[in-house]
Participant: 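Before we start, here is the structure in question, set down as structure tokens.
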2 protein chains.
Amino acid sequence: MSRGPASGSSPTIPDVARRAGVSTATAARALGGYGAVSAAAREAVLAAAEELGYRRNELARSMITGRTNTIGLVIADIENPFFAGAARGVSDAAREAGYEVVLTNTDEDPDAERSIVRVLLSKRIDGLIVAPTSPDAEHLVAARQAGCPVVLLDRRLEDFAVDTVLVDNVAAVRDVVDRLVGAGHRRVAMVTGALSYEERRAGLPGISTGQDRVDGFLTALADAGIAEPTTYLRTGAHSPEQACALTEELIALPDRPTAVFASNSRVALGVLKAIREAGLEVPRGISMVGFDDADWTSVVTPPISVVAQPAHALGRQAAELLLARISGDEEPPRLHMMATNFLSRASVAPPPPES
Amino acid sequence: MSRGPASGSSPTIPDVARRAGVSTATAARALGGYGAVSAAAREAVLAAAEELGYRRNELARSMITGRTNTIGLVIADIENPFFAGAARGVSDAAREAGYEVVLTNTDEDPDAERSIVRVLLSKRIDGLIVAPTSPDAEHLVAARQAGCPVVLLDRRLEDFAVDTVLVDNVAAVRDVVDRLVGAGHRRVAMVTGALSYEERRAGLPGISTGQDRVDGFLTALADAGIAEPTTYLRTGAHSPEQACALTEELIALPDRPTAVFASNSRVALGVLKAIREAGLEVPRGISMVGFDDADWTSVVTPPISVVAQPAHALGRQAAELLLARISGDEEPPRLHMMATNFLSRASVAPPPPES
DNA sequence: CTGAAAGCGCTTACAG
DNA sequence: CTGAAAGCGCTTACAG
């Protein structure tokens, strides 16, 4: 019997070739399923590979082909169910196309994002899907220049024109406000993780999605003839706890809001908690609407009306666009807006009579 | 000025060396921070690298060193907050040690798991953390034989003795049942995704964690002198919807249970929904306890008492053990059990008087 | 401290 | 259809 590879290390193509009694070129062709190989040679090689437990070293292969069949997914918060759903959408589409996805989490930290992108590029991934955590696109521009296509998910970047997949946040929030105003509310609050107007004017780095939702809120209120639309706007809610504290403030106001809009499902959790702890009843004492159809929103009493994003479809779409770019698509970049869906449940009622 | 690399492709060490006027060996040493390089040479090389925008090709480097500084994390359900938390723990610990983590999701599909492990191995990751989705450990045994250390997270494998990190599920559930029995309950139900006893006897592949929780439930009930502990056991709840349906069945029983234990937070969601839809009040009409401190459990009314697992710490521990193995730790494998914490909230009361 | 050269495990023209 | 050989971008003894 021919000698196997040095024990400890994995068998290589020369090991397989030796055992099958062919050249490494023939073995490589049989193993790779390319080029021309006689049936006899192929069988001998495959058998030898089986016996040796050969596994191709993708690293070596990628060095030659320049492709890794892997895409990098950089999301901002893996504990946000929206991103978990989007990540599944990306993975499903990628896997169908024979690609693996490397999922990474920035935790909304721009430095972490830069470093992650650098590492992914050095591993020569074929493309990148990112939910950017700051308006600074320098590292993404660099990635693109290095030949790595980039698709943006959930968040636009003014300075970086690439395929971007998200929902029409302005319209979705306008719709929420219209419904609330339509139900008779005039004192409508919003709790969000976005920046305040002062912060934006001061040039702090904000995220398009948060800003769009705030803009939708403010313009809809203004259009409804409400004088000071920012009165009940509370920004900077980056966790359920912060959202809870901000909502407590709102509830403590002399003219407290009669309806609260929560800009994502983690904020909604904090809003609901504050409402509960204040002893108010939804919707009789106060109305509320959330963003993102987190699983718990339909189970609480009352079920919360929300704007549902097609998280899975957004992820899938982002992956498909990226895959097309990887395959050489040179069309000008587009903004892909998908529809949201208002799920009317039982958390909205007219304002309480005494207000 | 010296010529740069062929445009389009990334600059390589020879490109940098040429521009700095040194050999590739010297450039490689300066860039890699190893070996001996004069200050002058180092500066010239670093400057040239900067100008060219050189980024090391980690693929090529890994081929030489045999290390990728990457660990693979294979979890079963990314939409389960427990796994999301554990994944963050793994990432935090790995990143601190200079490792990247490749996160993948099997969706509880053993075939997907096998295929994912194969791909990860072919990419020559340095180690693997997996929450196995079936008792079949063949592919993991193979990984280990190929020199890739493996650590198990959340789930034991009888046939595969490696470091395993989880909680004492039997004890945790026994504790829940004891509390319920202590409050006066005799008709205690459990809804779980685990296999039934029949399925286990028929040799179907089950997961240790589910089985342990069922065992804890059954033995605690038997110890409390309850005759037919399986009466209110409902298995096969793999989604909130299925859990909801099973709970509806339980509630429809002539002698319906007075307390329900949900074996994880997604099951708890379905259980709560069914209870709500049946018009029962927690805890006055029925008591309930969940597993895993999902964020919504403290926000619903009443807040649900749960067994909290230290998800983040479990992930971190798994990563640290794996990193130690990668660094050559040869100790015999151990089972690391971390403590759970019963969070007593407001979902448990004595059984309703009429029952 | 520096450089020429071999080699990691593959793929791929190029001849035959 | 098959094989000898070059090469992907690095690292690393080995001389000097």
Participant: Return no unless some side-chain N or O of Tyr54(A) is found under 4.0 Å from OP1 or OP2 of dC10(C).
Facilitator: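 Yes, such a contact exists.
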
Participant: Could you tell me whether Glu108(B) and Arg155(B) have a side-chain N and a carboxylate O separated by less than 4.0 Å?
Facilitator: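 Between Arg155(B) and Glu108(B) there is a salt bridge, with a charged N closer than 4.0 Å to a carboxylate O.
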
Participant: Kindly say if Ser38(B) contacts the phosphate of dT2(C), meaning a side-chain N or O under 4.0 Å from OP1 or OP2.
Facilitator: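 Indeed, a polar side-chain atom of Ser38(B) lies that close.
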
Participant: In whole Å, I'd like the distance from the CD1 atom of Ile13(B) to the C1' atom of dG3(C).
Facilitator: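 Going from Ile13(B) (CD1) to dG3(C) (C1'), I get 14 Å.
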
Participant: How many Å lie between CG on Leu121(B) and P on dG9(C), as a whole number?
Facilitator: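 Leu121(B) atom CG is separated from dG9(C) atom P by 16 Å.
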
Participant: Of the options dT2(C), dT11(C), dG7(C), whose atoms approach the side-chain atoms of Ile64(B) most closely?
Facilitator: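 Looking only at heavy atoms from C-beta outward on Ile64(B), the closest nucleotide is dG7(C).
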
Participant: Nearest to the Thr65(A) side chain among dC10(C), dT11(C), dC1(C), which nucleotide is it?
Facilitator: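 Nearest listed nucleotide: dT11(C).
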
Participant: Dot-bracket for DNA chain C, please. Rules: Watson-Crick or G-U, both distances under 3.5 Å, ( ) within the strand, [ ] when a pair crosses earlier ones, | for another strand, . otherwise.
Facilitator: |||.||||||||.|||

Participant: How many angstroms lie between OG in Ser91(B) and NE2 in His312(B), if you round to the nearest 0.5 Å?
Facilitator: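 Here the interatomic distance stands at 8.5 Å.
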
Participant: Please report, rounded to the nearest Å, how far the C1' atom of dT2(D) is from the CZ atom of Arg42(A).
Facilitator: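 Those two atoms, CZ and C1', are 13 Å apart.
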
Participant: Looking at dT11(C), dA4(D), dA13(C), which one has an atom nearest to any side-chain atom of Arg29(A)?
Facilitator: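 Minimum distance to the Arg29(A) side chain belongs to dA13(C).
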
Participant: Among dT2(D), dC10(C), dT11(D), which nucleotide sits nearest the side chain of Asn57(A)?
Facilitator: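 Among dT2(D), dC10(C), dT11(D), the one nearest the side chain of Asn57(A) is dC10(C).
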
Participant: Within this structure, what is the CG-to-C1' distance between Leu59(B) and dT11(D), rounded to whole angstrom?
Facilitator: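 Result: 15 Å.
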
Participant: Let me know, please, whether Met63(B) or Val37(B) comes out on the 5' side of the other along DNA chain C by nearest nucleotide.
Facilitator: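 Looking at DNA chain C, the more 5' nearest nucleotide goes with Val37(B).
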
Participant: What do the steps show when you test Ile78(A) against Arg88(B) for side chain to side chain contact (heavy atoms under 4.5 Å, CB included), and what is the final call?
Facilitator: CA-CA 8 Å; Ile78(A) 201 186; Arg88(B) 286 199 50 167; 3.7 Å; yes

Participant: Out of curiosity, Arg316(B) CZ to Leu321(B) CG, how far, rounded to the nearest 0.5 Å?
Facilitator: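 Rounded to the nearest 0.5 Å, the CZ-CG separation comes to 12.0 Å.
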
Participant: Rounded to the Å, how far apart are Glu58(B) CD and dT11(D) C1'?
Facilitator: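 Going from Glu58(B) (CD) to dT11(D) (C1'), I get 13 Å.
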
Participant: Between dT2(D), dG3(C), dC10(C), which one does the side chain of Thr26(B) approach most closely?
Facilitator: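 Selected nucleotide (nearest to the side chain): dG3(C).
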
Participant: How about Arg67(B): does its CZ atom have over 12 heavy atoms from other parts shown lying under 6.0 Å from it?
Facilitator: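 Enclosed.
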
Participant: Rounded to whole Å, how long is the line connecting atom CZ of Arg56(A) with atom C1' of dC8(C)?
Facilitator: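 Going from CZ in Arg56(A) over to C1' in dC8(C) covers 17 Å.
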
Participant: Quick check on side-chain hydrogen bond (donor to acceptor under 3.5 Å, both in side chains): which of Glu113(A), Arg144(A), Arg118(A) does His139(A) satisfy it with?
Facilitator: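 With His139(A) as partner, side-chain hydrogen bond (donor to acceptor under 3.5 Å, both in side chains) holds for just one option, Glu113(A).
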
Participant: Ser23(B) side chain: which of dT11(C), dT11(D), dA4(C) is closest?
Facilitator: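 The nucleotide sitting nearest to the side chain is dA4(C).
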
Participant: I need the minimum non-hydrogen distance between Ser134(B) and Leu157(B), along with the two atoms involved.
Facilitator: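 In terms of heavy atoms, the two residues are closest at O-CD1, 3.6 Å.
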
Participant: Starting from the 5' end of DNA chain C, give me the residue, Arg124(B) or Ala25(B), whose nearest nucleotide shows up first.
Facilitator: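 Its nearest nucleotide being more 5', the pick is Ala25(B).
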
Participant: How close or far is atom C1' of dT12(C) from atom CG of Leu31(A), stated in whole angstroms?
Facilitator: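 The answer, rounded to whole Å, is 16 Å.
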
